[in-house]
Amino acid sequence: MTPHPTGDLGDESQQFGLLVNSVTDYAIYMLDPRGVIRTWNPGGERIKGYRKDEVVGTNYARFYTPEDIAADVPARNLAIAANEGRYAGEGWRLRKDGSRFHASVVIDPVRVDGVLVGFAKITRDVTERYLAQEQLRSAQHELLQAQKMEAIGKLTLGLAHDFNNLLSVVTNCLDLISAQPHGEVSDKYIRTALRSVERGALLTRQLLTFGRGHELAPERFDVGKAIRDMHDMLQRSAGDAVAVELDVAGDLPTINLDRGQLDSAILNLVCNSRDAMPSGGCIKITVRLQTARHPDDPHQEPGRFLCITVVDNGEGIAPDDQARIFEPFFTTKTVGRGSGLGLSQVFGFTSQSGGFIRVDSTPGSGASVALYYPVAE
């Protein structure tokens, strides 16, 4: 009888040993009932960085993060495997060099004559897949937010145009009435009505800006100088309990923007910061030239942007609210303290000007809102 060309692989236990030691994409090893490592394969060394002599005899909890160890996750996973017949899950683990990787883990109990003698554990590095899924989820969330904001903008645009037409009729009627003979009391009521119409017109302009239906009047000017000129007005708006500080870089290029809309945007941000500091605090406005990539076109080469950042040390913005702060009529303020249109005006104006906004805030640690406006080459 001619022997097999590959030679004799030995008995079943030798074949199994060859199989386990040939696998390098999976860490396959045995644990005793307490979680102490008893065997180690080349896959474990490749994924986790430890040699066999470094880990055999130590507890497998060494691969878990400190927060998981504090929550007793390693012992809980073994208990689940022992009681339910299997544990399967994913989580962050530690390599020898301290770096983290996302692991897919399966733990099966090993029993002899019904007695638990240990566990068989298989670990696979799925970091690339996990990060790809996270990026996909983030992209889907951003797309949903963009679609929602676009839908709100279109609805807002239609309502604002109709409301603006109604205000024009009311204004014309009041002008006609004021031209007729009337008493002092009537004159007072007319002036009150006209002021209300003016406030309504301001809200309409903010809505039109958010919905990108307001035609901007850009002009080239020195933004740094314009903000320095606004300092007194911003300080008065912030009140005596809040200090408004400026940090404007020198030699900034002039840019093409609607100056009135920029003034309104900065004033809105300062007023929001003021309201977030009922006991007083500090608002710092910095103006810098930065290189950045527009988030709406991540494949485009980075460009130059003039970045205006308004930072406060107030109450901060809750994570759930950060995704909604630019929606029209959304506000966390009490009734009567805000229309919810200020930040939507900032968003609409910045987007319409070809820029973008970045918000960074931690509840209790203040908020930072950065406005990026493109600098023409």
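- A donor-acceptor distance shorter than 3.5 angstrom exists from the side chain of T58 to the backbone of V55, with no hydrogens or angles considered.
- In this structure, F349 and Y373 have tilted ring planes: the angle between them lies in the 30° to 60° band.
- Counting only heavy atoms from C-beta outward, the side chains of V223 and I255 approach each other to under 4.5 Å.
- Taken to the nearest 0.5 Å, the OG1 atom of T286 stands 7.0 Å off from the NZ atom of K284.
- Hydrophobic clustering (ILVMFWY, side-chain heavy atoms < 4.5 Å, transitive): Y87 and V117 are in distinct clusters.
- No more than 12 heavy atoms of other residues, nucleotides or ligands shown are found within 6.0 angstrom of CZ on R34.
- A donor-acceptor contact shorter than 3.5 Å is absent between the side chain of D258 and the backbone of E219.
- Both V244 and L371 sit in one connected hydrophobic cluster of ILVMFWY residues. Membership requires side-chain heavy atoms under 4.5 Å apart, directly or through other members.
- Note: the hydrophobic cluster containing I37 does not contain L94 (ILVMFWY, side chain heavy atoms under 4.5 Å, direct or indirect links).
- Between I47 and F101, the closest side-chain pair of non-hydrogen atoms falls below 4.5 Å.
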For this session: Kindly determine whether T39 and I28 satisfy side-chain contact (heavy atoms from CB on, under 4.5 Å), including the steps that lead there.
Result: CA-CA 8 Å; T39 65; I28 304 174; over 6 Å; no

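- Between R293 and E301, no side-chain nitrogen of the basic residue sits less than 4.0 Å from a carboxylate oxygen of the acidic one, so the salt-bridge criterion is not met.
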Exercise. Between S273 and D312, is a side-chain hydrogen bond (donor to acceptor under 3.5 Å, both in side chains) present by the stated rule, with each step listed?
Worked result: CA-CA 6 Å; S273 293; D312 65 62; 2.8 Å; yes

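- A single hydrophobic cluster is not seen to contain both V36 and L116; linkage of ILVMFWY side chains at heavy-atom distances under 4.5 Å, directly or through other members, places them apart.
- Remark: K52 NZ is loosely packed, at most 12 non-hydrogen atoms of other residues, nucleotides or ligands lying under 6.0 Å away.
- Here the shortest heavy-atom pairing between V311 and S368 reads CG2-OG, 3.7 Å.
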For this session: Show your reasoning for whether salt bridge (Lys or Arg N to Asp or Glu O under 4.0 Å) applies to R95 and D125.
Result: CA-CA 11 Å; R95 294 188 178 92; D125 185 350; 2.8 Å; yes

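- Residue D68 comes nearest to P74 through the heavy atom pair O-CD, 3.8 Å, listed as atom of the first residue, atom of the second, then distance.
- The hydrophobic cluster containing V105 does not contain M30, counting ILVMFWY residues as joined when their side-chain heavy atoms lie under 4.5 angstrom apart, directly or transitively.
- Figure legend: cation-pi geometry between R62 and Y50, with NZ or CZ positioned under 6.0 Å from the six-membered ring centre and within 45° of its axis.
- For the pair R288 and V248, the tightest heavy-atom approach, listed with the atom from each and the gap, is NH1-C, 3.9 Å.
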Exercise. For D32 and Y60, what are the C-alpha separation, side-chain angles and deciding distance, and is it a side-chain hydrogen bond (donor to acceptor under 3.5 Å, both in side chains)?
Worked result: CA-CA 10 Å; D32 73 6; Y60 92 119; over 6 Å; no

Exercise. Between Q290 and Y372, does a side-chain contact (heavy atoms from CB on, under 4.5 Å) hold up when you go through it step by step?
Worked result: CA-CA 9 Å; Q290 292 191 8; Y372 289 78; 3.4 Å; yes

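- Side-chain atoms of R228 do not come within 3.5 Å of backbone N or O of L246 as any donor-acceptor pair.
- You'll find the side chain of D247 stays beyond 4.5 Å of the side chain of I285, heavy atoms only.
- No more than 12 heavy atoms of other residues, nucleotides or ligands shown are found within 6.0 angstrom of CG on D240.
- The heavy-atom pair separating A226 from F221 by the smallest distance is CB-CE1, 3.8 Å.
- For the atom pair OG (S237) and CG (N268), the distance works out to 10.0 Å, reported to the nearest 0.5 Å.
- Contact of the C282 side chain with the E245 side chain is registered, since non-hydrogen atoms from C-beta on lie closer than 4.5 Å.
- The CG atom of L289 sits 6.5 Å away from the OG1 atom of T291 when rounded to the nearest 0.5 Å.
- Between V73 and Y64 there is a side-chain heavy-atom pair separated by less than 4.5 Å.
- Counted by atom type alone, K121 and T123 present one or more donor-acceptor pairs between their side chains at under 3.5 Å.
- Residue I317 comes nearest to S361 through the heavy atom pair N-OG, 2.7 Å, listed as atom of the first residue, atom of the second, then distance.
- Separation of the F63 and W92 ring centroids does not fall under the 6.0 Å cut-off.
- Using a cutoff of 4.0 Å between basic side-chain nitrogens and carboxylate oxygens, D229 and K225 are scored as salt-bridged.
- V375 has its side chain out of reach of F305: every pair of non-hydrogen atoms, C-beta onward, lies at least 4.5 Å apart.
- We find the NE2-CZ distance between H102 and R93 to be 8.5 Å, quoted to the nearest 0.5 Å.
- The line from CG of L257 to CD of Q352 is 11.5 Å long, rounded to the nearest 0.5 Å.
- Looking at I227 and I266, their side chains come closer than 4.5 Å, going by heavy atoms from C-beta outward.
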For this session: Begin with the C-alpha distance, continue with both residues' side-chain angles, and end with the deciding distance and a verdict on side-chain contact (heavy atoms from CB on, under 4.5 Å) for V369 and T309.
Result: CA-CA 6 Å; V369 181; T309 307; over 6 Å; no

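- Within the 4.5 Å cutoff, side-chain heavy atoms of V56 are placed close to those of W40.
- A donor-acceptor contact shorter than 3.5 Å links the side chain of Q235 to the backbone of V242.
- Rounding to the nearest 0.5 Å gives a distance of 4.5 Å between CG of L262 and CD1 of I308.
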Exercise. Given E67 and R100, is the salt bridge (Lys or Arg N to Asp or Glu O under 4.0 Å) satisfied, shown in steps?
Worked result: CA-CA 13 Å; E67 51 267 31; R100 297 190 178 204; 2.9 Å; yes

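- Judged by distance alone, the side chain of E54 and the main-chain N or O of R51 form a donor-acceptor pair under 3.5 Å.
- Closest of all the heavy-atom pairs between K48 and A27 is CE-CB, 4.5 Å.
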